[in-house]
Every structure is written in C-alpha cells, then in structure tokens.
Amino acid sequence: MNKGRLIIISGPSGSGKDTIIKKVLSRLPEVKFSISSITRPMREGEVEGEKYNFVSREYFEDMIKNNLLLEYNNYIGNYYGTPRKPIDDAIENGEEIIIEVDTNGAANIRKLVDGTISVFIMPPSIEELRRRLSSRATDSDEVIEKRMRSAIEEIACAKDYDYIVVNDDLDTAVDDFIDVIKADRLKTERKNYLIDEVLEKC
Ligand code: 5GP
C-alpha cells in the first residue's frame, strides 16, 4: 500500500479556501480533512469540530508541551496548530488528507514530511481580496487591516508552492484543485505496484 499523502492548502484569509475545501471534500469523500486546534474566538456560523477545535490557551500550551502538534503558529495573537495523530494515521493508512495552514505552517510541514503536495489559493486581485474581507461583517477595521497585511506577506510566499489555483470563478477553482489531487494519484511513484503486478505475471 502507498503511504498517505498530505495535501497542504494555503491562501490569504478571504481567498475562498474554506469554500473550495468544502466543495472538494464533498466531491472526493475519500479525502480526509485535518481539523486544527485554535485559540481564536469562534466566529458566527462556525461549528466546533467542523474545521477547528476551539480550545483555551492553557489547553493549547499543554498540547505543545506534550508534543501533540505536528506544527503550530501564532497568527494575529492566536495559536493555530495541526494535531499530529490524524496526520500520522492518514500516512499510515495510505489516505489523502487536506491540511489548511498558513504559509509558515506549510513551510514547517514540508520540512517535516516528504512528498507533500502544496496548493496556494490566490485571490484574483488585491482589490477583490479587500472587498471580500470588508464584506464579512464579523471583523473590525483593525482586524481587516491586519489580515490585508498578512495576505500580502502570504502571497509573497506563493512561489514555494507546487501549484497555484486562482479563485476568480469558484467552480473552476474547485475543478483545478481536484485536477491536482487526481494528477498526483497517477504519479509513477504511486503506481509502482501496478508495474510490479503486471511484471509478476509475465
Ligand atoms: P482564520 O482565523 O481566518 O480561520 O485563519 C487564519 C489563518 O490561520 C489562515 O491562514 C489559516 O490557513 C491558518 N491556519 C488554520 N489552521 C492552521 C493550523 O493548524 N496551523 C497553522 N500554522 N495555520 C493555520
């Protein structure tokens, strides 16, 4: 059996990555999703355990101490981390797992795990990104400005990713992301067993 594949996805807040991930997971139900533990307060509409586990700072710091996180980062004053166990299980069981992290998290995971695929979701323009962030009534002007600054820093790291998906038209972006996953499944290194099977019968 092949080892599992970590599919890292990043993109600035407002790039639409959450919507893309949801649609990809509904079209490829065999793909798993890594639920991050975070200390940011829950936003309206968020559900505990869906994308995030909302935990206290103390709980998070205990997870760090007990080495329960594959990686973590402090983003605008809050901790965000990837629990290690579901990732280890996915690798062991030959499953694909999507991990949504910021660019620091992506860089750390690439160093720790071989053979990841990384995809950066790019907004069509910086003006469109500002418009999307401002239309979310949940964040204050100060938070929006911080997210814009952080977005520009993240876009500067997009060159480190294997693939760039531009989210101008949502359906096209979802198709593009699925194409990346499907193309990876066809890689020779994941199909070596087929070659061996055929040769064994010769
Ligand atoms: P938000 O507050 O908008 O949900 O997320 C803020 C940022 O944290 C996004 O760039 C998101 O990709 C990133 N993020 C979410 N989960 C994790 C995680 O487990 N680790 C890291 N390093 N970043 C994360």
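This one's a predicted model, so the numbers in the text were calculated from it and none came from an experiment. Just so you know, ligand 1 is whichever comes first in the structure, and atom 1 is the first atom listed for that ligand.
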- State, without any angle test, whether R110 and T116 hold a side-chain donor-acceptor pair at a distance under 3.5 Å.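 Side-chain D/A pair, R110 to T116: absent.
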Is K51 atom NZ crowded by more than 12 heavy atoms from other residues, nucleotides or ligands, each under 6.0 Å away?
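Yes, NZ of K51 has more than 12 neighbouring heavy atoms, counting only those of other groups under 6.0 Å.
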task: Decide if atom NZ of K191 counts as having more than 12 heavy atoms of other residues, nucleotides or ligands within a radius under 6.0 Å.
output: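 Result for NZ/K191: enclosed.
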What protein heavy atom sits nearest [atom], and how far away is it?
{"atom": "atom 2 (O) of ligand 1", "result": "Y80 OH, 2.5 Å"}
{"atom": "atom 23 (N) of ligand 1", "result": "D102 N, 3.2 Å"}
{"atom": "atom 4 (O) of ligand 1", "result": "Y52 OH, 2.6 Å"}
{"atom": "atom 19 (O) of ligand 1", "result": "S36 OG, 2.7 Å"}

(Q) I'd like to know if S10 contacts ligand 1, where contact means a heavy-atom distance under 4.0 Å to any ligand atom. (A)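 No.
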Is T82 near ligand 1, meaning one of its heavy atoms is under 4.0 Å from it?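 Judged by the 4.0 Å heavy-atom criterion, T82 does count as contacting ligand 1.
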* Could an N or O of ligand 1 be found under 3.5 Å from any N or O of Y72, whether backbone or side chain? ->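 Checking ligand 1 against Y72, no N or O pair falls under 3.5 Å apart.
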Note to self: Between ligand 1 and G81, is the shortest N or O to N or O distance under 3.5 Å?
What the structure shows: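 Yes, since at least one N or O of G81 sits under 3.5 Å from an N or O of ligand 1.
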Residue-level breakdown please: for R43 versus ligand 1, do any non-hydrogen atoms fall below 4.0 Å on the side chain, on the backbone, on both, or on neither?
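Only the side chain of R43 comes within reach of ligand 1.
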**Asked** Hey, is Y75 touching ligand 1 through its side chain, its backbone, both or neither, going by heavy atoms under 4.0 Å?
**Response**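 Under 4.0 Å from ligand 1, Y75 contributes side-chain atoms alone.
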Please check: side-chain N/O of R5 versus main-chain N/O of I117, any donor-acceptor pairing under 3.5 Å?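 No; zero donor-acceptor contacts below 3.5 Å.
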Task: Side-chain donor or acceptor of N167 paired with backbone N/O of I121 under 3.5 Å - done: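 Side chain of N167 to backbone of I121, a donor-acceptor pair under 3.5 Å: no, none is there.
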By number and element, which atoms of ligand 1 are closer than 4.0 Å to a non-hydrogen atom of [X]?
{"X": "N73", "result": "22 (N)"}
{"X": "S13", "result": "3 (O)"}
{"X": "R40", "result": "1 (P), 2 (O), 4 (O)"}

Using side-chain heavy atoms (C-beta onward) and a distance below 4.5 Å, is S37 in contact with Y52?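 Sidechains of Y52 and S37: no contact.
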Exercise. Does K201 come within less than 4.0 Å of D196, counting only side-chain N to carboxylate O?
Worked result: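 A salt bridge is absent here (no side-chain N lies under 4.0 Å from a carboxylate O).
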Roughly how far, to the nearest 0.5 Å, is the CD1 atom of I98 from the CG atom of L28?
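One gets 7.5 Å once the value is rounded to the nearest 0.5 Å.
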task = Please work out whether the ring planes of F120 and Y161 are parallel, tilted or perpendicular, with thresholds of 30° and 60°.
result =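 Judged by the thresholds at 30° and 60°, the geometry between F120 and Y161 is perpendicular.
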- Query: Counting heavy atoms only, which of K51, E100, E71, E154 comes nearest to atom 12 (O) of ligand 1?
  - Reply: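 Answer by nearest heavy atom: E100.
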